[in-house]
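There's a structure below that I have some questions on.
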Amino acid sequence: LRTAHHQECPKDDTKDIHGTAAKLSIERRTMENEKDEEMIRVVVKEVGMPPEERMIPNTLESLQERVGGLIERTSLPTDSSVDVWCNEEGLILGLMPNIITPEFNEFLAGDIVIAGCDEETGETISLNDRQVKNAMDYCERNNCTKLTYEGALIYSKEVGKRLKAEKTIKTYKEAEL
């Protein structure tokens with residue numbers, strides 16, 4: 001294409017050159033969109049910081065970089081279509097508690113990445129608006145970055161008991177209706 005711009009072209013060929021330029025422009029935009037598709041929308045919760053929506057490359061290396069090592073996946077307790085990625089060795093390495101997961105009476109240590117999960121294929125995908133809001137709310141509600149390991153575990157268990165009691169009460173109330 002660059003050579004075509006530098007050559008004198010007969011008038012009849014002008015449409016072909018512009019057509020080629022338009023086609024190349026569309027191909028370039030398609031390639032740029034494909035690059036964008038390699039990026040996924042996630043929520044990142046770093047220890048001691050509020051959760052943040054980000055675009056990151058959809059690669060193993062990107063997840064490992066953000067959690068600081070080997071990765072481990074668990075589902076967000078409130079939404080099975082959302083995965084939480086954390087450092088697999090977070091407790092062994094002594095990483096600071098980040099959020100509690102009272103539904104499991106546990107906590108996650110170190111930075112975490114929350115991404116969507118295609119439930120049919122298991123692939124990591126972008127979060128949608130609802131999932132971003134739910135992930136941000138979950139992180140804010142369960143933040144435990146100022147607690148020791150023992151404190152985070154006790155706090156998680158106590159909140160877990162409360163959640164279980166609230167669920168039981170709700171079930172009984174619904175049964176009465």
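Each residue takes its place number in the sequence, starting with 1. Source: prediction; values computed, not measured.
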task: Mind listing the closest non-hydrogen atom pair of Tyr138 and Pro77 along with its distance?
output: OH-CG, 3.3 Å
query: Can we say Asp129 and Lys133 salt-bridge, meaning some charged N sits less than 4.0 Å from an Asp/Glu carboxylate O?
result: no
N/O donor-acceptor pair under 3.5 Å between Asp111 side chain and Val47 backbone: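 Such a contact is found between Asp111 side chain and Val47 backbone.
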task: Could you tell me whether the side chain of Asn58 and the main chain of Thr124 form a donor-acceptor pair under 3.5 Å?
output: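 Checking the backbone N and O of Thr124 against the side chain of Asn58, a donor-acceptor pair under 3.5 Å is found.
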task: Enter the distance from Glu103:CD to Ile100:CD1 here, rounded to the nearest 0.5 Å.
output: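 One finds 8.0 Å between CD of Glu103 and CD1 of Ile100.
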- prompt: Among the clusters formed by ILVMFWY side chains lying less than 4.5 Å apart, do Met136 and Val113 turn up in the same one?
  reply: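 Looking at the clustering, Val113 is in a separate group from Met136.
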Full working for side-chain contact (heavy atoms from CB on, under 4.5 Å) between Lys45 and Val84: CA-CA 10 Å; Lys45 171 68 174 75; Val84 180; over 6 Å; no
- request: Using atom types as modelled and distance alone, determine if a side-chain donor or acceptor of Gln131 lies under 3.5 Å from a backbone N or O of Asn128.
  value: yes
task: First locate atom CG of Leu70, then atom CG of Leu63, and finally report the distance between them rounded to the nearest 0.5 Å.
output: 12.5 Å
- line: Rounding to 0.5 Å, atoms CG (Leu91) and CD (Glu106) come to a distance of 8.5 Å
- prompt: So if you build clusters from Ile, Leu, Val, Met, Phe, Trp, Tyr with side-chain heavy-atom gaps below 4.5 Å, do Val42 and Ile99 land together?
  reply: no
- request: Hey, could you give me the CG/OG1 distance between Leu76 and Thr101, rounded to the nearest 0.5 Å?
  value: 10.0 Å
field: From Asp83 atom CG to Ile112 atom CD1, the distance as rounded to the nearest 0.5 Å
entry: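 Atom-to-atom, Asp83:CG and Ile112:CD1 are 12.0 Å apart.
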task: Looking only at non-hydrogen atoms, find the nearest pair between Glu53 and Arg41 and report the distance.
output: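 Shortest heavy-atom separation between Glu53 and Arg41 comes out as OE2-NE, 2.7 Å.
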query: Taking C-beta and beyond as the side chain, do Ile114 and Cys139 meet within less than 4.5 Å on heavy atoms?
result: yes
message: I need the minimum non-hydrogen distance between Glu119 and Ser81, along with the two atoms involved.
response: OE1-CB, 3.6 Å
- request: Decide side-chain contact (heavy atoms from CB on, under 4.5 Å) for Leu95 and Cys86; before the verdict, give the C-alpha distance in whole Å, the side-chain angles of both, and the deciding distance to 0.1 Å.
  value: CA-CA 11 Å; Leu95 300 179; Cys86 63; over 6 Å; no
field: Contact list for residues 61-71, test side-chain hydrogen bond (donor to acceptor under 3.5 Å, both in side chains), sequence neighbours left out
entry: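 Those involving residues 61-71 are Ser62-Arg66.
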Any donor-acceptor N/O pair, Asn87 side chain to Val67 backbone, under 3.5 Å: yes
Separation of Thr59 OG1 from Met39 CE (nearest 0.5 Å): 9.0 Å
- request: Take Ile40 and Ile125, measure what side-chain contact (heavy atoms from CB on, under 4.5 Å) needs, and give me the verdict at the end.
  value: CA-CA 6 Å; Ile40 57 171; Ile125 58 175; 5.5 Å; no
Asn98 side-chain N/O to Gly110 backbone N/O, donor-acceptor pair under 3.5 Å: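 Side chain of Asn98 to backbone of Gly110, a donor-acceptor pair under 3.5 Å: yes, one is there.
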message: Do Leu127 and Trp85 sit in one hydrophobic cluster, given that two such residues count as connected whenever their side-chain heavy atoms are within less than 4.5 Å of each other, even indirectly?
response: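 Per the 4.5 Å side-chain linkage, Leu127 and Trp85 are not co-clustered.
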